[in-house]
Amino acid sequence: MATSPADDKDTALPEGPENMTTTVGFIGSGNIGSTVARLAIEAGHRVVLSNSRGPETLADTAAELGPRASAATSGEAAAAGDIVVVTVPIKAFPNLPAAPLAGKRVIDTCNYGPERDGHIPELDSKSLTSSELLLRYIPDAMLVKAFNNIFFKHLLSLARPAGAADRSYLPIAGDSAPAKAAVTEFIESIGYSVVDAGPLADSWRQATDTPVWGTPYGPASNEKGQPVGEEAIRAALATAMR
């Protein structure tokens with residue numbers, strides 16, 4: 001299991017605006033999940049963390065994030081979230097709590113890795129995207145692909161306030177316009193602008209090893225990353241080949 005940004009040494013988190021009350025549930029609290037949770041807390045949201053090992057294993061992370069963070073089971077996190085972030089290995093899709101995710105706006109951060117997930121024929125043949133596969137397990141969720149194309153350390157360091165000249169863009173894909181609108185609002189609140197990359201069937205354009213995956217934000221060896229504007233993200237999506 002990936003380490004948490006709670007391992008980072010920067011301590012005090014700035015207080016977010018008091019009038020923001022969105023609760024974000026997390027199914028999976030590894031690198032990306034914990035980073036999104038940290039940014040959400042800094043923006044004034046509440047977060048409910050979960051993982052496959054039980055809430056007690058997240059007690060330290062929740063305590064470090066402060067009073068707007070708590071730990072729960074995956075079912076409880078799903079039920080609590082106004083938005084729910086699913087950030088797990090694809091091989092864990094069958095274990096997701098489908099019932100409490102029904103009707104929820106769900107952010108899918110997941111990337112397919114055969115070396116970790118085992119070979120999945122529909123993904124190997126490219127007859128499905130990983131997000132379309134996820135929908136088979138949580139069919140009543142309103143799914144939006146996001147956060148899967150950026151290194152977690154870059155995601156933490158590149159967040160900027162609205163209106164900043166060096167604010168970066170992230171691609172999202174989804175089939176539900178209301179879910180896209182809600183996820184866009186959330187992403188904008190935590191320091192990023194959004195490029196709409198189309199429906200879930202087109203989410204392969206931001207999958208592992210595509211031009212928009214990782215590269216625009218700089219190499220992983222540069223932990224601060226480099227800001228990326230809208231035109232660069234659109235160009236990278238357009239040049240993706242399947």
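Treat the numbers as computed from the prediction; the structure is a model and nothing was measured. Numbers for residues simply follow the sequence, beginning at 1.
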Query raised in the report: Would a hydrophobic clustering, with Ile, Leu, Val, Met, Phe, Trp and Tyr connected at side-chain separations under 4.5 Å, put Ile83 with Val88?
Result: no
**Report entry** Shortest non-hydrogen contact between Leu49 and Ala37, atoms and distance
**Finding:** CD2-CB, 3.8 Å
Could you give the side-chain donor-acceptor pairs of residues 219-229 under 3.5 Å, partners two or more places apart or in another chain?
{"residue": "Asn222", "atom": "OD1", "partner": "Lys224", "partner atom": "N", "Å": "3.2"}
{"residue": "Glu223", "atom": "OE2", "partner": "Lys153", "partner atom": "NZ", "Å": "3.0"}
{"residue": "Gln226", "atom": "NE2", "partner": "Pro216", "partner atom": "O", "Å": "3.0"}

Report summary line: Correct closest heavy-atom pair for Arg116 and Pro89 would be NE-CB, 3.7 Å
Query - Neighbour count >12 (heavy atoms, 6.0 Å) for atom CD, Glu231 - result: no
Query raised in the report: Any donor and acceptor pair, going by atom type alone, linking the side chain of Lys104 with main-chain N or O of Asp140 inside 3.5 Å?
Result: no
Query raised in the report: If you measure from the Lys or Arg side-chain nitrogens to the Asp or Glu carboxylate oxygens, is any gap between Arg136 and Glu122 under 4.0 Å?
Result: yes
**Report entry** Minimum side-chain heavy-atom gap Ile138-Phe93 below 4.5 Å
**Finding:** no
Report task. Taking Arg160 for its side chain and Leu158 for its backbone only, find out whether a donor-acceptor pair lies under 3.5 Å. Result -> yes
Query raised in the report: Roughly how far apart are Asp108 CG and Leu200 CG, rounded to 0.5 Å?
Result: 8.0 Å
Requested in this report: Is it possible for you to say whether Val24 and Ile150 belong to one hydrophobic cluster, with membership spreading through side-chain heavy-atom contacts below 4.5 Å?
Outcome: yes
**Report entry** Flag side-chain contact, heavy atom, 4.5 Å: Pro97 against Ser74
**Finding:** yes
Query raised in the report: Does the side chain of Ser50 come within less than 4.5 Å of Thr73's, by heavy atoms?
Result: no
Report task. Determine whether Arg105 and Ser176 make a side-chain contact, defined as any pair of heavy atoms from C-beta on separated by less than 4.5 Å. Result -> no
**Report entry** ILVMFWY network linking Val47 to Ile27, side-chain heavy atoms under 4.5 angstrom
**Finding:** no
Query raised in the report: Do Leu39 and Leu156 have side-chain heavy atoms sitting under 4.5 Å apart?
Result: yes
Requested in this report: Work out which heavy atom in Met142 is nearest to a heavy atom in Ala179; give both atom names and the distance.
Outcome: CB-CB, 3.7 Å
Query raised in the report: Closest heavy-atom contact between Lys91 and Pro94?
Result: O-CD, 3.4 Å
Report summary line: Here the gap from Asp196 atom CG to Asp202 atom CG, rounded to the nearest 0.5 Å, amounts to 10.0 Å
Report task. Determine the sole option in Thr35, Thr87, Asn148 for which the side-chain hydrogen bond (donor to acceptor under 3.5 Å, both in side chains) test with Thr109 is passed. Result -> Thr87
Query raised in the report: Does the side chain of Arg205 come within less than 4.5 Å of Thr210's, by heavy atoms?
Result: no
Query raised in the report: Between OG1 of Thr208 and CG of Asn111, what distance do you get to the nearest 0.5 Å?
Result: 3.5 Å
Query raised in the report: Are Ile172 and Leu135 connected in a single hydrophobic cluster, I mean Ile/Leu/Val/Met/Phe/Trp/Tyr linked by side-chain heavy atoms less than 4.5 Å apart?
Result: no
**Report entry** Exam field: side chain Asn51 to backbone Gly54, donor-acceptor pair closer than 3.5 Å
**Finding:** yes
Report task. Quick one: which residue pairs count as a ring-ring contact (aromatic ring centres under 6.0 Å, His included) with a foot in residues 157-197, not counting sequence neighbours? Result -> His45-Phe186
Report task. Return each pair, listed once, that meets ring-ring contact (aromatic ring centres under 6.0 Å, His included) where at least one residue sits in residues 116-149; pairs must be two or more places apart or across chains. Result -> none
Query raised in the report: Are Leu155 and Leu170 close enough that some pair of their side-chain heavy atoms sits under 4.5 Å apart?
Result: yes
Report task. Report, as yes or no, whether the 6.0 Å neighbourhood of atom CD on Glu185 holds more than 12 heavy atoms from other residues, nucleotides or ligands. Result -> no
Query raised in the report: Using 4.0 Å as the upper bound for N to carboxylate O, is an ion pair formed by Arg38 and Glu64?
Result: yes
Report task. Could you work out the complete set of other residues in the hydrophobic cluster of Trp213, with links drawn between I, L, V, M, F, W and Y side chains under 4.5 Å apart? Result -> none
Query raised in the report: Going hydrophobic residue to hydrophobic residue with side-chain gaps under 4.5 angstrom, can you get from Ile190 over to Val195?
Result: yes
Query raised in the report: Which is it for Arg242 and Thr129 under the side chain to side chain contact (heavy atoms under 4.5 Å, CB included) test, yes or no, and what are the steps along the way?
Result: CA-CA 11 Å; Arg242 205 172 190 182; Thr129 65; 3.9 Å; yes
Query raised in the report: Is there a donor-acceptor pair closer than 3.5 Å between any side-chain N or O of Thr239 and the backbone N or O of Ala235?
Result: yes
**Report entry** Side chain to side chain, Leu134 and Leu96, heavy atoms closer than 4.5 Å
**Finding:** yes
**Report entry** Spacing of Ser203 atom OG and Asp175 atom CG [to the nearest 0.5 Å]
**Finding:** 8.5 Å
**Report entry** Distance (rounded to the nearest 0.5 Å) between Leu58 CG and Ser29 OG
**Finding:** 4.5 Å
Report summary line: Closest heavy-atom pair, Cys110 versus Ser130, reported as atoms and distance to 0.1 Å, is O-OG, 3.8 Å
Query raised in the report: Which other residues end up in the same hydrophobic cluster as Trp204, if Ile, Leu, Val, Met, Phe, Trp and Tyr are linked when side-chain heavy atoms come under 4.5 Å apart?
Result: none
Query raised in the report: Looking at residues at least two apart in the chain, or sitting in another chain, which of them share a ring pair (Phe, Tyr, Trp, His ring centres under 6.0 Å) with Phe151?
Result: His154
Query - Modelled atom types, side-chain donor and acceptor of Asn95 and Ser52, under 3.5 Å - result: no
**Report entry** Polar side-chain atom of Arg68 near backbone of Ala40 as donor-acceptor pair, under 3.5 Å
**Finding:** no
**Report entry** Nearest heavy-atom neighbours spanning Ile90 and Asp117
**Finding:** N-OD1, 3.1 Å
Query - Rounded distance [0.5 Å steps], OH in Tyr217 versus CD1 in Ile233 - result: 3.5 Å
